[in-house]
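Encoded as structure tokens, the structure appears first; notes follow it.
Along the sequence shown, the residues carry numbers beginning at 1. Keep in mind that the numbers below use all heavy atoms, side chains included, and drop hydrogens, waters and symmetry copies.
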Amino acid sequence: MFIQTESTPNPATLKFLPGQSVLDAGTADFPSKEAAESSPLATRIFDVAGVNGVFFGNDFVTVTKDESVDWDHIKPAILGAVMEHFQSGQPVISDGATQAPTHAEHDGEGAEVVNQIKDLLDSRVRPAVAQDGGDITFHGFDRGIVYLHLQGACAGCPSATLTLKMGIENLLRHYIPEVAEVRPVAL
């Protein structure tokens with residue numbers, strides 16, 4: 001098994017490509033070791049000292065490290081954990097474990113606008129963000145303000161604010177006049 005790695009715009013996060021499917025659908029975010037209990041793969045990765053977060057996409061795993069450790073010191077152990085997991089035959093996420101929904105639900109006033117926002121996020125934003133090892137999901141819409149949740153390489157990325165304001169906000173405002181601003185939200 002050959003696992004490729006790619007840097008991301010976030011220097012604290014590295015993207016690992018195992019060359020096979022990680023998740024059949026959606027994404028999974030594990031911001032702590034406790035949150036990773038439902039995933040044998042995430043648990044293995046968190047066993048590497050210095051790992052602060054694990055995120056799964058369709059065909060990739062992103063790992064966020066603590067700033068006190070260097071990639072040169074922990075990357076081999078993470079590669080070993082990923083390889084060991086895929087050779088073990090264990091599931092990436094345990095049977096019966098539920099993944100978080102991709103977008104928050106929104107009923108009532110503004111539902112049509114919210115559907116347009118979600119469509120634009122799914123068709124234009126999320127594929128590009130996945131290339132960088134992250135994800136952005138809809139969290140809410142209130143009085144012209146769109147609230148988005150950043151995951152994986154996007155969470156804590158130095159360029160995330162610029163991406164939100166100059167990229168996503170401009171895109172949404174162009175297509176949806178009701179959108180005035182985009183803001184990140186922490187869960």
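- Residue-environment remark: CD (Q20) exceeds the threshold of 12 foreign heavy atoms within 6.0 Å.
- Although no hydrogens or angles enter the test, the distance criterion places no donor-acceptor pair under 3.5 Å between the side chain of W71 and the main chain of L14.
- A donor-acceptor distance shorter than 3.5 angstrom exists from the side chain of H85 to the backbone of Q90, with no hydrogens or angles considered.
- Heavy atoms only, all atoms of each residue included: N10 and A155 are closest at ND2-O, 3.3 Å.
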Determine whether E37 and S94 satisfy the following criterion, side-chain contact (heavy atoms from CB on, under 4.5 Å), listing intermediate values before the conclusion. CA-CA 9 Å; E37 290 177 358; S94 299; over 6 Å; no
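- S123 and P127 make their closest contact through O-CG, 3.8 Å (heavy atoms, listed as atom of the first residue, atom of the second, distance).
- Looking at D132, its side chain never comes within 3.5 Å of a backbone N or O of G134 through a donor-acceptor pair.
- Using modelled atom types, no side-chain atom of T64 and backbone atom of N52 make a donor-acceptor pair closer than 3.5 Å.
- Here the CG-CZ distance, from L120 to R126, works out to 13.0 Å after rounding to the nearest 0.5 Å.
- Contact check for V182 versus I145: no side-chain heavy atoms found under the 4.5 Å cut-off.
- The nearest pair of heavy atoms linking V22 to D59 is CG2-C, 3.8 Å.
- Checked against the 6.0 Å centroid threshold, F30 and F46 do not count as a close aromatic pair.
- Residues I45 and V82 have side chains in contact (heavy-atom distance under 4.5 Å, counting atoms from C-beta outward).
- Considering all non-hydrogen atoms of both residues, N58 and D24 come closest at OD1-O, 4.1 Å.
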Candidate pair D70 and K65, rule salt bridge (charged side-chain N to carboxylate O under 4.0 Å, His left out), full reasoning: CA-CA 8 Å; D70 191 60; K65 71 172 184 66; 5.8 Å; no
Assess whether side-chain contact (heavy atoms from CB on, under 4.5 Å) is satisfied between I176 and V146, documenting all intermediate values. CA-CA 11 Å; I176 307 168; V146 177; over 6 Å; no
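- Contact annotation: the side chain of L41 approaches that of F56 to within less than 4.5 Å [non-hydrogen atoms, C-beta and beyond].
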Residue pair V54, T62: steps toward the side-chain contact (heavy atoms from CB on, under 4.5 Å) verdict: CA-CA 6 Å; V54 177; T62 55; over 6 Å; no
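- Partners of K165 according to the side chain to side chain donor-acceptor pair (under 3.5 Å) rule, which considers only residues two or more places apart in sequence or in another chain, are E169, E181.
- In summary, the side chains of S68 and D66 do present a donor paired with an acceptor at a separation below 3.5 Å, with no hydrogens or angles considered.
- Residue I78 comes nearest to V51 through the heavy atom pair CD1-CG2, 4.1 Å, listed as atom of the first residue, atom of the second, then distance.
- The backbone N or O of A153 sits nowhere less than 3.5 Å from a side-chain atom of T8 that would complete a donor-acceptor pair.
- With hydrophobic clusters built from ILVMFWY side chains whose heavy atoms lie under 4.5 angstrom apart, L150 does not share a cluster with M166.
- For the atom pair CD of E6 and CZ of F60, the computed distance is 10.0 Å after rounding to the nearest 0.5 Å.
- In this structure, Y147 has no side chain to side chain donor-acceptor pair (under 3.5 Å) partners at least two apart in sequence or on a different chain.
- Looking only at side-chain heavy atoms (C-beta outward), F86 and I3 stay at 4.5 Å or farther from each other.
- Proximity of a side-chain donor or acceptor of K15 to a complementary backbone N or O of A130 within less than 3.5 Å is detected.
- Proximity of a side-chain donor or acceptor of T43 to a complementary backbone N or O of A36 within less than 3.5 Å is detected.
- S39 and V92 make their closest contact through OG-O, 2.6 Å (heavy atoms, listed as atom of the first residue, atom of the second, distance).
- Atom CD in Q151 sits 4.5 Å away from atom OG1 in T137 (nearest 0.5 Å).
- The line from CD1 of I168 to CD1 of I117 is 12.0 Å long, rounded to the nearest 0.5 Å.
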